J.: 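Sharing a structure below in structure tokens format, with a few things to ask.
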Number of protein chains: 2
Amino acid sequence: MSQMQSVEKQLREMILGLEIGPGEKLTERWIESRFGASRTPVRAALLRLETEGLVGRDGRGWTVSPINLAELEQIAVYREAVEVAALRLTCSLADRSGVDVIEAMLESCDSNTPREEWHRVGMDFHIELARLSGNEFLFRAVRDAMTRLSRARWLEVRDEAALARAWAEHRAILAATRLGDAEEAARRLSAHIVGSRDRLVTSLANDRRGLRARGFAVVAA
Amino acid sequence: MSQMQSVEKQLREMILGLEIGPGEKLTERWIESRFGASRTPVRAALLRLETEGLVGRDGRGWTVSPINLAELEQIAVYREAVEVAALRLTCSLADRSGVDVIEAMLESCDSNTPREEWHRVGMDFHIELARLSGNEFLFRAVRDAMTRLSRARWLEVRDEAALARAWAEHRAILAATRLGDAEEAARRLSAHIVGSRDRLVTSLANDRRGLRARGFAVVAA
DNA sequence: GATACCATTTTGGGATACCAAGCTGGTATC
DNA sequence: GATACCAGCTTGGTATCCCAAAATGGTATC
């Protein structure tokens, strides 16, 4: 793998994994030495991560994008539009066997599954569901939206009950999709996204003090 | 303005203006000498344009993205999702006075208006309409989609009648939006996008021979 | 005449050198 | 003691150099 992709990948993982906190300043020279690469691949990585919304320019320098509550609310509206459109498209397709693969993915999580795996599968559910539509643009839109939400979802205080509810909603969406019931599937997906947004925003707003204590920048709605 | 933005902007304009044809090979060194910049800003520009879908990698090198009929059809579905969502959102807002600004924009085009102005306004109509929603993500999605469509719309063989019909549809969409009639507005916008896609794809498919004669790469649906 | 092979050139990826702008810390002045 | 100012350092932006790999073109062989 080229250094460029390597730096980009590693830096993205550090940001998404909160090893570098939201709001932290980044210098090209620090990244350079941290990953043993020169500035050329570092810049390429930063430019890419900028388009993903994970880093931004702060005057002359670079900053890891803060968690932005207003943005989270807007993303929920955006997600609803593209995910529902993708799901309706999928329901209209003859071959919806991909639903079973996603169902199996959900089933792979049980009480022994580490937290980070739940986190990943919870995002991949939406991404893979969008992929089934066969529309590259809807798929990318969902993937990018989930990437932007990723860090906030880490910060969310997840209780078992909330996770169980989310999984139940996921299964219900899949069931309706398998039957090709677009209306029902769309209704449940919309409700899931809105509910998910509410839980997320509430959780983050309540814990803002704690997050700031960890050095994480959280911008209000 | 920094060279970086300058190279990016100029190169984008050359690509969107078909001064560099779809499918043409690009070398960093050519761009470098063409714009009198060094390779660093050239690379930054290429990376950005890549995320916009205007250039792509061709093995080791760079290529101006060909016109892709399959992609155009997928974009139409994507547009319908995000534009309709934005429009419904706008209809739910109390202040929809922005509609009047867009209407004025439409009215600024008459029979004396140069073709390129019609082209620009035809795209800006959709972009500005999405902006009214206030949702940054829906807005960006529409803007990016229109950017990708831009070249194809140039190539479309536009007859006066088609333009007049499009403008009439635009006005009808605005009228419904002004009244806050989300259902009517959404219905008309959907129909407009689908019709626009059909005209575009048909036109391009019919003229593929002519386009290839101009050295433009057109990938089939 | 076609084809396999090798030398040369070209290309993008990476590294490094240099610069101007902005920030920092300290000092001198009032 | 407060403040204005300046030197030095840090930083991102740019230019240039180097390299490995891929494309190219010519040649020798069959």
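Heavy atoms only: backbone and side chains are in, while hydrogens, waters and symmetry mates are out. Small disclaimer: the values here were computed from a predicted structure and weren't measured. We name chains A, B, ... by the order of the sequence lines, and we start the count at 1 in each one.
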J.: Test of understanding: with side chain to side chain contact (heavy atoms under 4.5 Å, CB included), list the residues that count as partners of B:Arg88, not counting sequence neighbours.
T.: B:Val84, B:Ala182, B:Glu183, B:Ala186
J.: Take atom CH2 of A:Trp30 and atom P of D:dC9, then tell me their distance rounded to the nearest Å.
T.: 24 Å
J.: Side-chain N or O of A:Ser38 less than 4.0 angstrom from OP1 or OP2 on C:dA15?
T.: yes
J.: Could you pull out all residues at least two apart from A:Ala85 that satisfy side chain to side chain contact (heavy atoms under 4.5 Å, CB included)?
T.: A:Leu138, B:Ala81
J.: Is D:dA20 paired to anything, Watson-Crick or G-U wobble with both distances less than 3.5 Å, and if yes, which nucleotide?
T.: C:dT11
J.: For D:dG1, give the paired nucleotide (Watson-Crick: N1-N3 plus N6-O4 or O6-N4; G-U: N1-O2 and O6-N3; both under 3.5 Å), or none.
T.: C:dC30
J.: Do we see a donor-acceptor contact under 3.5 Å between the side chains of B:Ser203 and B:Glu156?
T.: no
J.: To the nearest Å, how far apart are B:Ile31 CD1 and D:dA15 C1'?
T.: 17 Å
J.: Tabulate atom names and distances for all N/O pairs under 3.5 angstrom spanning the protein and nucleotides 6-11 of chain C.
T.:
residue	atom	partner	partner atom	Å
C:dT11	O2	B:Arg60	NH1	3.3
C:dT11	O2	B:Arg60	NH2	2.1

J.: Do any pairs count as a ring pair (Phe, Tyr, Trp, His ring centres under 6.0 Å) and have a residue in residues 193-221 of chain A, sequence neighbours left out, and if so which ones?
T.: none
J.: Provide, to the nearest angstrom, the distance between the CG atom belonging to B:Leu46 and the P atom belonging to C:dG14.
T.: 14 Å
J.: How many whole angstroms separate atom CG of B:Asp58 from atom C1' of D:dA23?
T.: 12 Å
J.: With sequence neighbours excluded, what pairs up with A:Glu32 under the salt bridge (charged side-chain N to carboxylate O under 4.0 Å, His left out) test?
T.: none
J.: Does A:Arg57 make a side-chain N or O approach to OP1 or OP2 of D:dT11 shorter than 4.0 Å?
T.: no
J.: I need the CD-C1' distance between B:Glu50 and C:dG13, as an integer number of Å.
T.: 14 Å
J.: For residues 64-108 of chain B, which residue pairs pass the ring pair (Phe, Tyr, Trp, His ring centres under 6.0 Å) check, not counting sequence neighbours?
T.: A:Phe137-B:Tyr78
J.: Quick one: which of A:Arg151, A:Arg143, A:Arg12 gives a salt bridge (Lys or Arg N to Asp or Glu O under 4.0 Å) with A:Glu52?
T.: A:Arg12
J.: Atom CD of A:Glu32 to atom P of C:dA17: distance rounded to whole Å?
T.: 11 Å
J.: Can you tell me the distance, in whole Å, between the CZ atom of A:Arg43 and the C1' atom of D:dT11?
T.: 11 Å
